[in-house]
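One structure is given here, and the rest of the page talks about it.
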Amino acid sequence: MGIYKVAYATGSRADYGIVKNYLKLLNQDQEIDFSVLVTGSHLENKFGHSVDIIKQDGFKIELEVPLNIDNSSNANVIHCMSVALDSFGKYFEKQKYDLLIILGDRYEMMAVAIAAAMQRIPILHLHGGEVTYGNYDEFIRHSMTKMSQYHFTSTEVYRRRVIQLGEDPKRVFYLGALGAENCCKIDEKKVVEKVKMLLPYKYWVVAFHPETLTDMDVEHQVREVLAALEKNNDGCDIIFMGTNADTKSDVIRSTWIDYVQQHNNAYYYENLNVDSFLYLVKNSIALIGNSSSGIIETPSLGRYTINIGDRQKGREHGNSVIDVVCNRAEIYHAMEEVKRKIDENEKITNPYYVKDTAENYYEKTKDILNEKPSVLKEFFDIK
């Protein structure tokens with residue numbers, strides 16, 4: 001055994017927050033030369049410059065690739081992808097890794113995956129096999145699966161789907177979702193003061209992103225969400241979370257900020273570290289929106305999710321998720337249903353939770369490294 005060179009590529013605060021505890025275990029291993037490759041919204045001030053969180057956590061950042069994100073149109077997003085592809089392609093030409101780890105379904109991560117695959121760098125893909133019919137993440141995720149040699153899935157259903165895509169079952173492992181376990185390991189020392197100050201109050205958390213594969217108008221959607229919140233206020237506060245870097249996300253961001261400026265009971269947080277975000281949701285009434293965190297993490301916090309629209313359509317979820325169309329009346333009635341469920345003290349289940357997920361991810365990664373990762377693979381036909 002020698003020293004293994006391993007990197008994790010990240011494009012947003014969302015994916016980094018999910019994997020942080022897993023990365024810590026890799027970083028502590030004396031046989032692993034571990035680093036983080038940073039791009040996407042991490043390096044943008046308007047998204048909170050979340051690369052600072054990675055630095056505060058003590059990880060070595062070996063590369064930063066700014067994309068100067070303009071998400072006003074799909075053409076501009078595609079240009080960001082081309083910048084990432086060119087930059088990472090040149091970088092991987094000179095810097096070789098025994099294993100590159102990537103998560104999920106972001107457009108900037110697809111560019112990283114293509115560059116690594118073309119430069120013959122083995123890829124470990126996290127959260128493959130999932131479906132989200134309302135977003136271009138859907139086909140990006142499956143494309144990244146085909147460029148990867150190893151796969152950690154969050155449920156058994158998703159493991160079988162990755163195999164259905166032609167991946168060797170010996171390289172596909174159901175280990176649970178890191179985010180679901182993170183909820184059980186909140187470090188309250190890292191929770192920022194502005195979040196702790198909210199605890200005496202009742203509040204809803206809103207985490208909403210664009211649908212990029214449907215005909216839904218973003219401006220119409222945010223009006224419907226706000227109308228429901230206005231109708232079901234009951235003196236509760238509203239906490240709006242910063243949106244992602246998808247096409248037209250700036251429409252959501254500017255609408256939330258305008259609303260907060262006009263209402264004393266509303267707050268907007270562009271960027272929170274993972275412990276602060278989870279702590280915020282854990283002490284809320286419920287999470288409202290269409291974020292994957294409402295499906296995967298929020299149930300482990302013992303909170304309900306009002307899942308709006310088609311962005312997460314197709315994702316497996318537990319009994320705490322209430323699906324509604326983006327209509328003010330439906331959202332309002334779902335908020336009333338949440339209040340009833342809280343009073344009834346219903347037991348919440350989470351199909352994504354597996355005990356010791358981060359440790360299992362780490363140990364299986366070491367097994368892969370010790371077996372010397374290979375880029376060679378054949379299509380696995382289901383008999």
Side-chain angles (χ1 to χ4, degrees), residues 17-18 127 130-132 134 154-158 174 176-186 188 191 195 198-209 224-225 227-241 274-357:
I18 290 170
H127 276 273
E130 302 177 14
V131 291
T132 49
S154 57
T155 73
E156 174 61 22
V157 170
Y158 300 148
Y174 156 45
L178 291 163
E181 184 191 42
N182 290 343
C183 301
C184 307
K185 297 181 177 181
I186 299 174
E188 295 193 15
V191 177
V195 169
L198 294 167
L199 292 194
Y201 308 101
K202 289 186 176 181
Y203 58 87
W204 304 89
V205 176
V206 179
F208 197 80
H209 309 294
E224 293 298 299
V225 173
L229 291 169
E230 286 278 322
K231 186 177 180 182
N232 203 328
N233 195 327
D234 288 346
C236 298
D237 290 345
I238 305 166
I239 315 299
F240 295 100
M241 298 305 305
V274 63
D275 295 289
S276 296
F277 173 71
L278 295 177
Y279 191 79
L280 180 72
V281 176
K282 183 178 181 180
N283 291 282
S284 71
I285 302 170
L287 180 70
I288 301 173
N290 58 11
S291 168
S292 61
S293 62
I295 308 292
I296 298 173
E297 282 95 45
T298 301
S300 288
L301 296 168
R303 289 294 176 265
Y304 291 93
T305 298
I306 299 172
N307 180 52
I308 301 172
D310 289 339
R311 193 171 192 275
Q312 301 298 332
K313 184 179 180 181
R315 257 207 173 109
E316 189 177 359
H317 63 68
N319 63 335
S320 61
V321 179
I322 303 170
D323 293 317
V324 298
V325 300
C326 195
N327 171 275
R328 63 186 68 187
E330 285 214 22
I331 299 170
Y332 170 80
H333 288 306
M335 293 171 75
E336 291 295 303
E337 184 179 350
V338 164
K339 294 175 185 177
R340 289 195 299 271
K341 285 178 174 288
I342 292 173
D343 290 340
E344 294 167 0
N345 199 26
E346 179 187 44
K347 183 179 179 181
I348 290 175
T349 59
N350 189 354
Y352 292 90
Y353 176 77
V354 174
K355 186 179 179 181
D356 298 326
T357 309

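All heavy atoms count here, side chains included; hydrogens, waters and symmetry mates do not.
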For this session: Could you go through the side chain to side chain contact (heavy atoms under 4.5 Å, CB included) check for Val225 and Phe240 one step at a time?
Result: CA-CA 11 Å; Val225 173; Phe240 295 100; 5.5 Å; no
For this session: Go through the steps for Gln312 and Val321 under the test side chain to side chain contact (heavy atoms under 4.5 Å, CB included), then give the verdict.
Result: CA-CA 11 Å; Gln312 301 298 332; Val321 179; over 6 Å; no
Exercise. Can you list the steps and then say if His209 with Arg311 is a side chain to side chain contact (heavy atoms under 4.5 Å, CB included)?
Worked result: CA-CA 8 Å; His209 309 294; Arg311 193 171 192 275; 3.5 Å; yes
For this session: Would you sort out whether Tyr203 and Val205 count as a side chain to side chain contact (heavy atoms under 4.5 Å, CB included), showing the intermediate values?
Result: CA-CA 7 Å; Tyr203 58 87; Val205 176; 3.7 Å; yes
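The closest donor-acceptor contact from the side chain of Glu181 to the backbone of Asp356 lies under 3.5 Å. Side-chain atoms of Asn350 come within 3.5 Å of backbone atoms of Ile296 as a donor-acceptor pair (strictly under, hydrogens ignored). At distances below 3.5 Å, not a single donor-acceptor pair connects side-chain atoms of Asn307 with backbone N or O atoms of Gly294.
Side-chain atoms of Asp323 and His317 form a donor-acceptor pair, as typed in the model, at a separation below 3.5 Å.
To the nearest 0.5 angstrom, Lys185 atom NZ is 9.0 Å from Leu178 atom CG. Between the NE2 atom in His127 and the OG atom in Ser292 there is a gap of 8.0 Å [rounded to 0.5 Å]. Considering CG of Leu280 and CG of Asp275, their distance stands at 12.5 Å, rounded to 0.5 Å. Within the model, atoms CZ of Phe208 and CG of Asn290 stand 4.5 Å from one another, a figure rounded to the nearest 0.5 Å. Between Leu301 atom CG and Cys184 atom SG the span is 8.0 Å, to the nearest 0.5 Å. Atom CH2 of Trp204 sits about 4.0 Å away from atom CE of Met335, to the nearest 0.5 Å.
When each of Pro299, Ser154, Ser300 is paired with Tyr352, the side chain to side chain contact (heavy atoms under 4.5 Å, CB included) condition holds for Ser154 and for no other.
Within the structure, side chain to side chain donor-acceptor pair (under 3.5 Å) pairs that include any residue of residues 329-338 comprise Asn232-Glu336, Glu336-Lys339 (at least two apart or interchain).
Side-chain atoms of Lys341 and Ile322, non-hydrogen and from C-beta on, do get closer than 4.5 Å to each other. In this structure the side chain of Phe277 never reaches within 4.5 angstrom of the side chain of Val195, judged on heavy atoms.
Electrostatic pairing of Arg340 and Glu344 does not count as a salt bridge here, judged by no charged N lying under 4.0 Å from a carboxylate O.
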Using distance only, find each side-chain donor-acceptor pair of residues 281-289 under 3.5 Å and give its atom names and separation, not counting sequence neighbours.
{"residue": "Asn283", "atom": "ND2", "partner": "Tyr279", "partner atom": "O", "Å": "2.8"}
{"residue": "Ser284", "atom": "OG", "partner": "Val281", "partner atom": "O", "Å": "2.7"}
{"residue": "Ser284", "atom": "OG", "partner": "Ala286", "partner atom": "N", "Å": "3.4"}

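Scanning all heavy atoms of the two residues, the minimum distance from Ala334 to Val324 falls at CB-CG1, 3.8 Å.
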